[in-house]
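Quantities reported herein were computed from a predicted structural model and do not represent experimental measurements. Note that ligands are numbered from 1 as they come in the structure, with each ligand's atoms numbered from 1 the same way.
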Amino acid sequence: MRRIVLASGKGGVGRTTLVANVGIALAKMGKSTVLVDASLTTPNLGPLFKLEKVPYTLNDVLAGEIPLSDAIYSGPHGLRIAPASVVLEHAKKVNPFKLPHVLSTLDARVDFLIIDAPGGLRKETVAALRAGEEVVLVTLPETTSISNMMRTRVMAEFLGFTPTGIIVNRVLGEEFEFPSAEVKRLLNLPLLGEIPEDINVRKAWRKGEPVLEAYPKSSASKAIMKLAEKLVKSG
Ligand SMILES: Nc1ncnc2c1ncn2[C@@H]1O[C@H](COP(=O)(O)OP(=O)(O)O)[C@@H](O)[C@H]1O
Ligand SMILES: [Mg+2]
């Protein structure tokens with residue numbers, strides 16, 4: 001099983017969007033895939049799969065109340081999702097440090113486990129990184145986002161992980177942007193994907209559906225399919 005964590009310096013870079021859609025892409029390619037929302041204080045993955053009202057969530061698992069298998073739900077194309085609770089009260093009862101152990105109980109037949117790590121340098125972020133194996137860094141093509149991502153890289157390395165690559169999201173191709181090739185050179189890491197700025201991503205969020213489902217032919221969807229193919233090949 002490949003355990004991939006998508007991490008970034010801050011929220012708002014499109015991590016949840018990428019976790020959801022890369023998950024769909026992998027499922028479409030016939031890979032057994034489980035998505036986990038480790039972004040416990042900003043849980044946005046569940047709603048994108050209309051799972052905000054489910055009876056059990058990852059929070060119950062991390063509170064030691066139920067096994068992980070009871071908090072995994074079916075999504076499109078056989079994709080499976082472990083959402084975190086959207087109820088603020090439920091964020092209190094969790095012990096994020098249980099995450100690595102909890103995820104180690106997953107069925108070995110799973111091909112890909114994709115973890116949506118929270119932004120920042122908090123204990124939830126540390127727990128999410130420790131639950132994974134391959135750390136993929138997500139950034140916007142701008143200086144602040146890149147320097148925040150570099151801080152996350154340092155933290156990942158401190159924990160013993162060498163990030164496996166970078167995804168640059170929301171690329172307009174404008175001159176004022178930080179070029180992806182430059183990001184790659186600066187960090188000396190492979191560029192796994194460059195996802196264009198695409199209005200369809202926001203339209204899809206508004207519809208409450210991942211863009212790959214709502215607008216499979218959009219430029220973002222095509223780039224995300226390519227990214228998923230690259231992830232499969234890099235394994
Ligand atoms: N490639 C893209 N093009 C346009 N909008 C995007 C793209 N990726 C993400 N977004 C938008 O950015 C916002 C933040 O995305 P989200 O996945 O919630 O980020 P994070 O999980 O990093 O906080 C959402 O409103 C989403 O619609
Ligand atoms: Mg998010």
Examine T16 and say whether one of its N/O/S atoms is closer to the Mg ion (ligand 2) than 2.8 Å. yes
How far is atom 27 (O) of ligand 1 from its nearest protein heavy atom, and which residue and atom is that? W205 CD1, 2.9 Å
Go through the side-chain N and O atoms of S32 and D111 and say whether any donor and acceptor fall under 3.5 Å apart. no
Decide, yes or no, whether a salt bridge links D198 with R170 under the criterion of side-chain N to carboxylate O below 4.0 Å. no
CG of L68 to CG of D107: how many Å apart, nearest 0.5 Å? 10.5 Å
If you measure from the Lys or Arg side-chain nitrogens to the Asp or Glu carboxylate oxygens, is any gap between E157 and R153 under 4.0 Å? yes
Candidate with minimal heavy-atom separation from atom 2 (C) of ligand 1, of R170, R15, K203: R170
Shortest reach to atom 15 (O) of ligand 1 by a heavy atom, considering only V13, T17, T42: T17
Short N-O contact, K226 and E229, less than 4.0 angstrom: no
Side-chain ion pair, E133 and R2, N-O less than 4.0 Å: no
Polar contacts were defined as any N/O atom of the residue lying under 3.5 Å from an N/O atom of the ligand; does this apply to T16 and ligand 1? yes
Looking at E209 and K50, does any basic side-chain N land under 4.0 Å from a carboxylate oxygen? no
hydrophobic_cluster_shared for V13 and V154, side chain cutoff 4.5 Å: no
Quick one: nearest non-hydrogen protein atom to atom 8 (N) of ligand 1, plus distance? N169 ND2, 3.0 Å
So which protein heavy atom does atom 20 (P) of ligand 1 come closest to, and at what separation? G12 N, 3.3 Å
Heavy-atom contacts with G11 under 4.0 Å: which atoms of ligand 1 show up? List them by number with element. 22 (O), 23 (O)
Please list the nearest protein heavy atom to atom 4 (C) of ligand 1 with its residue and the distance rounded to 0.1 Å. D198 O, 3.2 Å
Do I195 and ligand 1 have an N or O pair less than 3.5 Å apart? no
Give me the residue, atom name and distance of the protein heavy atom closest to atom 19 (O) of ligand 1. G14 N, 3.0 Å
Any P196 heavy atom less than 4.0 Å to ligand 1: yes
